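What follows is a set of notes on a single structure, which appears directly below.
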Amino acid sequence: MPQYSDRWSDRKAAYKVLEYLAAGLVPVATDCAPVRAALGPETEGLCFLVPPDSDAYAWRDIIEKANNFVPDDGWRAARERVASRLAPETFCAIVLGEE
């Protein structure tokens, strides 16, 4: 959904994108650094990003694209890579120096 761009909202957008992906939904979000950081190299293939300060027509157009998008095996694999990279087990391994 459209949002104001501030530190809190941008980070909330990243969190919501991850929630939608976990639920198997294709997210639509404002293009901001926290979203790109959360998704990493998988960003372009996993969600639809709307440029900041876009008008309602731009949002409508991208939401229509997302509604017509059918997730395929490539999308599912990218989603799994993001989930694996962000899993608590991965962070614990990094902290413990096991990775």
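This structure is a prediction, so every number in the text was calculated from the model and none was measured. Count residues from 1 along the sequence.
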Rounded to the nearest 0.5 Å, the SG atom of Cys47 sits from the CZ atom of Arg36 at a distance of 8.0 Å

So which atom in Pro52 and which in Thr30 form the shortest heavy-atom distance, rounded to 0.1 Å?
CA-CG2, 4.1 Å

Within the supplied structure, the quantity of interest is the number of heavy atoms (other residues, nucleotides, ligands) at a distance under 6.0 Å from Phe69 CZ; does it exceed 12?
yes

Check Pro51 against Ile62 and note the closest heavy-atom contact, atom names and distance.
CD-CD1, 4.3 Å

Interatomic spacing from CG in Asp31 to CG in Asp53 - rounded to 0.5 Å
11.5 Å

What are the two closest heavy atoms between Ser84 and Thr90, and how far apart are they?
O-OG1, 2.6 Å

Check: Arg85 side chain, Leu39 main-chain N or O, donor-acceptor pair, under 3.5 Å:
yes

Treating Ile, Leu, Val, Met, Phe, Trp and Tyr as nodes and any side-chain heavy-atom pair under 4.5 angstrom as an edge, say whether Val26 and Ile63 lie in one connected cluster.
yes

In short, salt bridge (charged side-chain N to carboxylate O under 4.0 Å, His left out) pairs touching residues 17-26 with sequence neighbours left out are Lys16-Glu19

Separation of Tyr20 OH from Leu46 CG (nearest 0.5 Å):
15.5 Å

Side-chain heavy-atom pair Arg76, Glu80 within 4.5 angstrom cut-off
no

Separation between CH2 (Trp59) and CD (Glu64), nearest 0.5 Å, reads 14.0 Å

For Asp6, does the CG atom have more than 12 heavy-atom neighbours from other residues, nucleotides or ligands under 6.0 Å away?
yes

Minimum heavy-atom separation for Ala38 and Leu86, please, with both atom names.
O-CD1, 3.6 Å

Please give me the minimum heavy-atom distance between Gly45 and Trp75, naming the atom from each residue.
O-CD1, 3.2 Å

